[in-house]
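Working notes for the structure below.
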Amino acid sequence: MGYTFDFGAVFDRAPELFWGSLGTLGLAVTGMILALAIGILGVAARTSKNKLVRAPVIAFVEIVRNTPFLVQIFFIYFALPLMGIRLNPTATAIIALGINGGAYAIEIIRGGVESVSKGQVEAGFALGLHKTDVFRLIVLKPALRAIYPSLTSQFVMLTLTTSVCTSIAAYELTSAAQRIESDTFRSFEVYFSVTAIYLVISSLMMGIFALISRSYFNYPTR
C-alpha cells in the first residue's frame, strides 16, 4: 500500500474541528431541550382521556418514528418554504432534532408515567394537590427517574444524529470535516479524527448524565 499517513493537515485545521464540535454541541443541547419539552407536553396530551387530544399526538409519534430523519429535515428545509416558511440551516436543524427526539421522548416518558401506581396519584388528590402539581411532583419526577437511562441514551443518539444536519449546510463537526477533507484530500486522517471526537463527546455526555443521575435521582424509593 503506497498511502502515507499524515495527520499534520488535521492538526493544522484543529481550530475548525474545535468550532465544529461546539456547533455540534450547540445543536445537540438545544435540540434536547426542545425534545424534552415536546416529550413532556406530548405525554400529558397522550395520556388524556379526550380522544381529540390523544389522536394528534399518536399520529405525530407514528409519523416521526416511522420516517427517516434525513427526510424530515429535508421536508422542513426544502418543502416548508413553498408554504412561505423559510428557516436558516441552524434553526432547521434544531427544530428537526427537537421534533425527532420529542417523538421518541413521548413514548419513553409515557412508559415511565404508566409505571407510577394509581394509588400514588389518588393519594396526591386526597392531599388536595392540584392536577398540575400531581402530574409534576407525583407522576413526572418518579417517571423521569425510571426512564432516565433510556432518555439519556436517546439524547446521546440525538447528538450523533446532528451529523446528518450537514446535508443542509448546518455548521457542525461533520460539515467542518467535509471542508477539511475536500481541501486536503486526507480522508482517512480527517474522518479518523472526527470519529475520535464524536467518541469523546458521547463519553463526556454519558459522564455528565451519570453525574446528574447521582445528584438528582439518588433518593430512596421505599
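When reading the values below, keep in mind they use all heavy atoms of this one structure, side chains included, and skip hydrogens, waters and symmetry mates.
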Without placing hydrogens or testing angles, list every side-chain donor-acceptor pair under 3.5 Å for residues 42-49, not counting sequence neighbours.
unit_1: T47; atom_1: OG1; unit_2: V43; atom_2: O; d: 2.8
unit_1: T47; atom_1: OG1; unit_2: A44; atom_2: O; d: 3.4
unit_1: S48; atom_1: OG; unit_2: N50; atom_2: N; d: 3.1

Exercise. Which hydrophobic side chains are connected to V200, either touching it within the sub-4.5 Å cutoff or through other members that do?
Worked result: L204
Exercise. Among all residues two or more places apart in sequence or in another chain, which pass the salt bridge (Lys or Arg N to Asp or Glu O under 4.0 Å) test with D133?
Worked result: R136
Seminar exercise, completed: Joining Ile, Leu, Val, Met, Phe, Trp and Tyr whenever any side-chain heavy atoms lie under 4.5 Å apart, the cluster holding I33 also takes in V29
Return a table of donor-acceptor pairs under 3.5 angstrom between the side chains of residues 93-107 and protein atoms on other chains or two or more places apart.
unit_1: N100; atom_1: ND2; unit_2: Q72; atom_2: OE1; d: 3.1
unit_1: E107; atom_1: OE1; unit_2: R110; atom_2: NH2; d: 2.8
unit_1: E107; atom_1: OE2; unit_2: R110; atom_2: NE; d: 3.4

Problem set entry | salt bridge (Lys or Arg N to Asp or Glu O under 4.0 Å) partners of E189, counting only residues at least two apart | R186
Exercise. How would you list, by chain and number, every residue that makes a ring-ring contact (aromatic ring centres under 6.0 Å, His included) with F155, sequence neighbours excluded?
Worked result: none
For this session: Only counting residues at least two apart or in another chain, list the ones meeting salt bridge (Lys or Arg N to Asp or Glu O under 4.0 Å) with D183.
Result: R13
For this session: Please write out which residues are connected to F185 in a hydrophobic cluster, directly or through intermediates, given that two of Ile, Leu, Val, Met, Phe, Trp, Tyr count as joined at side-chain heavy-atom separations below 4.5 angstrom.
Result: none
For this session: Output all residues satisfying ring-ring contact (aromatic ring centres under 6.0 Å, His included) with F74, sequence neighbours left out; order by chain, then residue number.
Result: F78
Exercise. Could you give all pairs that pass the side-chain hydrogen bond (donor to acceptor under 3.5 Å, both in side chains) test and reach residues 201-214, with sequence neighbours left out?
Worked result: none
For this session: Output every pair passing salt bridge (Lys or Arg N to Asp or Glu O under 4.0 Å) with a member in residues 66-88, not counting sequence neighbours, ordered by first then second residue.
Result: none
